Amino acid sequence: MSATRDELARFIQGEGHRVEIGTDGAEKDLLFRTRGYVFSVIVHDGDPPHLEIATAYEIPPWARERAQNATTLQDVANDVGDVHFTLAPNGKNFIVTLDCGTQPVATFQRDFWTNVTRVREAGVSALERILDRSESRAAADKFIKSLTRGQ
């Protein structure tokens with residue numbers, strides 16, 4: 001593991017969280033759990049390193065309409081402005097990523113919890129909008145079906 005990953009792992013552990021090393025292709029992520037979510041810190045080596053924070057959200061089966069959810073995620077990304085959403089090819093979940101850019105580790109650590117909160121809030125907002133749109137659509141479909149049956 002790189003010196004940057006070691007330093008960040010010690011920092012997160014010092015904050016009271018167990019850190020695991022995950023692998024994603026050629027990159028090694030630092031995984032930790034907080035507030036019910038597993039977050040990853042992605043470290044792209046360099047001096048200073050390029051850093052990202054990400055987490056995933058599961059979409060309930062009844063709300064998995066890929067085209068609508070892709071549009072919703074894009075809308076939230078436009079509103080939030082500094083996060084990126086990636087919808088899984090199977091439509092079951094999406095990933096929220098905050099690109100923290102190339103910065104010294106000390107700066108990343110200083111802003112760490114603020115950035116974790118930004119990722120979490122963006123993901124929660126996106127999931128709420130997906131659920132709201134799905135519920136609204138289901139209610140509209142039910143209403144239309146009742147009209148066509150004359151009820």
Side-chain angles (χ1 to χ4, degrees), residues 4-5 8 11-12 15-46 48-149 151:
T4 300
R5 285 186 193 86
L8 290 174
F11 168 75
I12 296 168
E15 294 287 307
H17 299 277
R18 186 173 57 123
V19 176
E20 297 176 21
I21 308 302
T23 57
D24 181 23
E27 300 301 323
K28 293 195 183 290
D29 304 342
L30 301 174
L31 305 173
F32 67 99
R33 181 178 297 276
T34 186
R35 297 183 180 169
Y37 295 97
V38 175
F39 286 83
S40 64
V41 175
I42 302 111
V43 179
H44 304 276
D45 290 324
H50 190 101
L51 303 161
E52 300 174 71
I53 300 174
T55 192
Y57 287 82
E58 184 175 356
I59 301 170
W62 55 268
R64 292 180 184 158
E65 185 168 324
R66 186 165 175 68
Q68 179 175 312
N69 291 346
T71 300
T72 301
L73 292 175
Q74 185 59 53
D75 291 346
V76 176
N78 291 340
D79 291 347
V80 176
D82 57 355
V83 297
H84 177 72
F85 293 92
T86 305
L87 184 60
N90 62 13
K92 291 182 179 182
N93 52 34
F94 63 90
I95 298 170
V96 184
T97 305
L98 174 63
D99 186 344
C100 299
T102 303
Q103 58 181 273
V105 174
T107 303
F108 181 76
Q109 290 173 342
R110 183 193 69 218
D111 299 333
F112 184 75
W113 291 111
T114 299
N115 290 334
V116 167
T117 299
R118 289 167 57 200
V119 169
R120 186 178 52 79
E121 288 176 352
V124 168
S125 177
L127 187 58
E128 286 176 351
R129 286 196 203 179
I130 286 170
L131 298 180
D132 285 348
R133 285 188 176 180
S134 295
E135 288 173 350
S136 295
R137 184 174 180 169
D141 288 346
K142 183 178 178 181
F143 177 74
I144 290 168
K145 283 180 185 177
S146 71
L147 284 178
T148 58
R149 289 187 213 149
Q151 298 176 346

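Computed from a predicted structure; not experimentally measured. Numbering starts at 1 and runs along the sequence shown.
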How would you list, by chain and number, every residue that makes a side chain to side chain contact (heavy atoms under 4.5 Å, CB included) with Ala106, sequence neighbours excluded? none
What one should report as the nearest heavy-atom pair of Val43 and Pro49 is CG1-CB, 4.2 Å
Can you sort out the partners of Tyr57 under ring pair (Phe, Tyr, Trp, His ring centres under 6.0 Å), two or more places apart, ordered by chain and number? Tyr37, Phe94
With sequence neighbours excluded, residues passing ring pair (Phe, Tyr, Trp, His ring centres under 6.0 Å) with Phe112: Phe11, Phe32, Phe108
Rounded to the nearest 0.5 Å, what separation is found between the OG1 atom of Thr55 and the CZ atom of Arg33? 9.0 Å
Once side chain to side chain contact (heavy atoms under 4.5 Å, CB included) is applied, do any residues pair with Ala88, and if so which ones, sequence neighbours excluded? Asn90, Asn93
Using side-chain contact (heavy atoms from CB on, under 4.5 Å), reason through Ile130 and Leu73 one step at a time and then give a plain yes or no. CA-CA 8 Å; Ile130 286 170; Leu73 292 175; 4.1 Å; yes
Among residues two or more places apart or on two chains, list those pairs meeting side chain to side chain donor-acceptor pair (under 3.5 Å) that have a residue in residues 101-110. His50-Thr102
CD1 of Ile53 to CG of Asn115: how many Å apart, nearest 0.5 Å? 4.5 Å
Show the nearest heavy-atom pair for residues Val96 and Gly123, with the distance to one decimal. CG2-CA, 3.6 Å
Residue pair Ala126 / Thr72: nearest heavy atoms and the distance that separates them: O-CG2, 4.2 Å
State, yes or no, whether a side-chain contact exists between Val41 and Arg5 at a heavy-atom distance under 4.5 Å. no
Taking Thr117 for the side chain and Trp113 for the main chain, is one N or O donor matched with an acceptor at less than 3.5 Å? yes
For a quick check under 3.5 Å, do Glu65 and Asn69 share a side-chain donor-acceptor pair by atom type? no
To the nearest 0.5 angstrom, please state how far the CG atom of Leu131 sits from the CG atom of Leu127. 4.5 Å
Identify, with sequence neighbours excluded, every residue that meets salt bridge (Lys or Arg N to Asp or Glu O under 4.0 Å) alongside Arg35. none
When rounded to the nearest 0.5 angstrom, what is the spacing between CD in Gln74 and NE2 in His84? 8.5 Å
Test side chain to side chain contact (heavy atoms under 4.5 Å, CB included) applied to Ala54 - qualifying residues, sequence neighbours left out: Ser40, Ile42, Ile95, Thr97
Residues two or more places apart in sequence or in another chain: which of them pass side chain to side chain contact (heavy atoms under 4.5 Å, CB included) with Asp75? Thr71, Arg129, Arg133
Evaluate the side-chain contact (heavy atoms from CB on, under 4.5 Å) criterion for residues Arg66 and Leu87: first the C-alpha distance (whole Å), next the side-chain angles of each, then the deciding distance (0.1 Å), finally the verdict. CA-CA 8 Å; Arg66 186 165 175 68; Leu87 184 60; 3.2 Å; yes
Asp99: what forms a salt bridge (Lys or Arg N to Asp or Glu O under 4.0 Å) with it, not counting sequence neighbours? none
List the steps and the verdict of side-chain contact (heavy atoms from CB on, under 4.5 Å) for Ile21 and Asp29. CA-CA 6 Å; Ile21 308 302; Asp29 304 342; over 6 Å; no
Of all residues at least two apart in sequence or in a different chain, which pass the salt bridge (Lys or Arg N to Asp or Glu O under 4.0 Å) check with Glu128? none
Once salt bridge (charged side-chain N to carboxylate O under 4.0 Å, His left out) is applied, what residue pairs with a partner in residues 51-63 remain, sequence neighbours excluded? Glu58-Arg64
For Asp111, enumerate each residue passing the salt bridge (Lys or Arg N to Asp or Glu O under 4.0 Å) test, keeping only those at least two apart in sequence or located in another chain. none
